[in-house]
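For reference, the structure I am asking about is given below.
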There are 2 protein chains.
Amino acid sequence: MTQTPEDKFIETLGLISQADGSPRISGQITAYLVLAGEACSLTQIAEDLDVSKASVSTNVRLLEVRGIVVRESRKGSRQDLWRALPRPHQSILSTMSERFKRNAAQIDEIAASFPADKEHKREPVSELADFYRQSADFLKSWADALAQNDTISMSKDVSDE
Amino acid sequence: MTQTPEDKFIETLGLISQADGSPRISGQITAYLVLAGEACSLTQIAEDLDVSKASVSTNVRLLEVRGIVVRESRKGSRQDLWRALPRPHQSILSTMSERFKRNAAQIDEIAASFPADKEHKREPVSELADFYRQSADFLKSWADALAQNDTISMSKDVSDE
DNA sequence: TAATACGTTCAGTACATACTGAACGTTAGA
DNA sequence: TCTAACGTTCAGTATGTACTGAACGTATTA
């Protein structure tokens, strides 16, 4: 057998992650945990993905900061267990939104530093800042809308049990 | 003098571009042309930014593909002139949207390849594809909304003349 | 107190790619 | 035809960083 759908999924998310400017392994870990559907140990992840524990350690904490995975501890075990959050990819949007917000703030500061006699140069700079700020808000609202859907579907799931 | 507001703007857009995973120079060129407010030659850009003509050539064509700048030719001159489009940064959104769409298509294909007895693994994969597709549409609609604003303000500008 | 299992840290490498300099093809003018 | 100015291409480099392996600290068992 050449490659299972699972392998393909892991590989693809790795490449997407790389294209986004994040480490390839972080995408692979996300895919792995999404498929696992349960919390996995660092050692297990490292072995199955065939990468070093050091990389998994670094990247799994990166994913934690980004709100894509959570660390769990199980009673009686000293191991850290890692679980993918229900819809891990909303954080992509939040991350983008925050980056846009930072861009807006930076560019605003620059716009403000233009002397009064260079209004025609300041204006396009301010416009760019506005673009980033508005787009950041827009992304945020979309991320929130998705989070809302999660809450609904999750509470539905609970009531189904 | 240490650094003019113009320099700072160019430098900052370079760093933002780099953080987005694009060449730093492409951001610098964008900033330069936005500030210039008119079409500039490749040689002029290279000299002012103090980078090689080779880099400018490569990156300015990249920006052209992305819809951030346009090439102009002036009668009687063999030079290519380059001009920043009115609101060059909508293309950021379109680019993102297209990337998301590609991601969705790829992941859908993988989801379809899961055998019937692994429905529980296929589902989160499909969900991710849906996320990318919906977000792509969302970004597209926002980009279009901005383009709409441009058309309005541009026609207003025209009527003001 | 050893010995083992765990996660983290850190120095070193391996690799991808942005950027340069030089050579090239093309066009316009002398 | 020669020369000069332009943009592009391409091989080589320089640089940033993802990833590894080994050493470390800590906590649990014996």
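In what follows, every chain begins at residue 1, and chains take the letters A, B, ... in the order their sequences are listed. Computed over heavy atoms, backbone and side chain alike; hydrogens, waters and symmetry mates excluded.
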- Query: Between A:Ser135 and A:Phe131, is there a donor-acceptor pair closer than 3.5 Å when you use the side chain of the first and the backbone of the second?
  - Reply: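 Yes, A:Ser135 side chain to A:Phe131 backbone: donor-acceptor pair under 3.5 Å.
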- Which residues satisfy the salt bridge (charged side-chain N to carboxylate O under 4.0 Å, His left out) test with A:Glu98, sequence neighbours excluded?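 Per chain and number, A:Glu98 pairs via salt bridge (charged side-chain N to carboxylate O under 4.0 Å, His left out) with no residue.
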- Are A:Arg61 and A:Glu64 close enough for a salt bridge, meaning some N to O gap below 4.0 Å?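 Answer for the salt bridge query: no.
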- Item | Over 12 foreign heavy atoms within 6.0 Å of CG, B:Asp117 | yes
- Given protein heavy atoms under 4.0 Å, the one-letter contact record of nucleotides 11-17 of chain D, with B base, S sugar-phosphate only and - none, is simply -------
- Task: Taking side chain to side chain contact (heavy atoms under 4.5 Å, CB included) as the test, write out the residues that go with B:Leu35, two or more places apart.
- Result: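 In terms of side chain to side chain contact (heavy atoms under 4.5 Å, CB included), with neighbours along the sequence ignored, B:Leu35 is linked to A:Phe114, A:Lys121, A:Val125, B:Glu6, B:Phe9, B:Ile10.
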- Rounded off to whole Å, could you give me the CD-to-P distance for the B:Gln79 and D:dT8 pair?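 Going from B:Gln79 (CD) to D:dT8 (P), I get 12 Å.
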- Message: Expressed as a whole number of angstroms, how long is the span from B:Gln28:CD to C:dC19:P?
- Response: 8 Å
- Task: With sequence neighbours left out, write down each residue that passes ring-ring contact (aromatic ring centres under 6.0 Å, His included) with A:Tyr32, or none if nothing qualifies.
- Result: none
- List for me each residue that meets side chain to side chain contact (heavy atoms under 4.5 Å, CB included) alongside B:Ala54, sequence neighbours excluded, and say none if there are none. B:Ser52
- Message: Generate the contact string for nucleotides 25-30 of chain C. Rules: B means base contact, S means sugar-phosphate contact only, - means no protein heavy atom under 4.0 Å.
- Response: -BBS--
- Item | Check: A:Asp7 side chain, A:Gln3 main-chain N or O, donor-acceptor pair, under 3.5 Å |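 A pair under 3.5 Å: no.
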- Message: Just the rounded figure in Å: distance from P of D:dC10 to CZ of B:Arg61.
- Response: 10 Å
- Rounded to whole angstrom units, what separation is found between the CG atom of B:Asn59 and the P atom of D:dG7?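 Roughly 15 Å, once rounded to whole Å.
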Residues 105-112 of chain A, side-chain donor-acceptor partners within the protein, below 3.5 Å, at least two apart:
| from | atom 1 | to | atom 2 | distance (Å) |
| --- | --- | --- | --- | --- |
| A:Asp108 | OD2 | A:Arg133 | NH1 | 2.8 |
| A:Asp108 | OD2 | A:Arg133 | NH2 | 2.8 |

- Item | Set of residues satisfying ring-ring contact (aromatic ring centres under 6.0 Å, His included) with respect to B:Phe138, sequence neighbours excluded | A:Phe138, A:Trp142
- Task: Residues of residues 29-37 of chain B with any non-hydrogen atom less than 4.0 angstrom from an atom of DNA chain C: list those, numerically ordered, please.
- Result: none
- Query: Does B:Ser57 use its side chain to pair, donor to acceptor, with the backbone of B:Lys53 at less than 3.5 Å?
  - Reply: no
- Item | Length of the line joining A:Asp80:CG and D:dA27:C1', which is rounded to integer Å |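 Rounded to whole Å, this separation is 12 Å.
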- Answer yes or no: is there an ion pair linking A:Glu38 with A:Arg83, defined by an N-O contact shorter than 4.0 Å? no
- Item | Proximity to DNA chain D (any heavy atom under 4.0 Å), residues of residues 62-71 of chain B only | B:Arg71
- Message: Show, in sequence, the C-alpha distance, side-chain angles and deciding distance for A:Val60 and A:Asp80, and conclude whether the side chain to side chain contact (heavy atoms under 4.5 Å, CB included) test is met.
- Response: CA-CA 11 Å; A:Val60 90; A:Asp80 289 341; over 6 Å; no
- Pairing residues for B:Asp137 by the salt bridge (charged side-chain N to carboxylate O under 4.0 Å, His left out) criterion, not counting sequence neighbours: B:Lys101
- Without swapping roles, check the side chain of B:Thr12 against the backbone of B:Lys8 for a donor-acceptor pair under 3.5 Å. yes
- Message: A:Leu146 vs B:Gln134, test: side chain to side chain contact (heavy atoms under 4.5 Å, CB included). Steps then yes/no.
- Response: CA-CA 10 Å; A:Leu146 285 177; B:Gln134 289 169 15; 4.2 Å; yes
- Message: With the threshold set at under 4.0 Å for non-hydrogen atoms, list the residues of residues 40-57 of chain B touching DNA chain D in residue-number order.
- Response: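 Going residue by residue through residues 40-57 of chain B, the ones with a heavy atom under 4.0 Å of DNA chain D turn out to be B:Leu42, B:Thr43, B:Lys53, B:Ala54, B:Ser57.
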- Is there a side-chain polar atom (N or O) of B:Arg74 under 4.0 Å from OP1 or OP2 of D:dC6?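 Checking D:dC6 against B:Arg74, no side-chain N or O comes under 4.0 Å of OP1 or OP2.
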- Item | Value in whole Å for how far the P atom of D:dA18 lies from CG of A:Leu15 |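 Nearest whole value for this atom pair: 15 Å.
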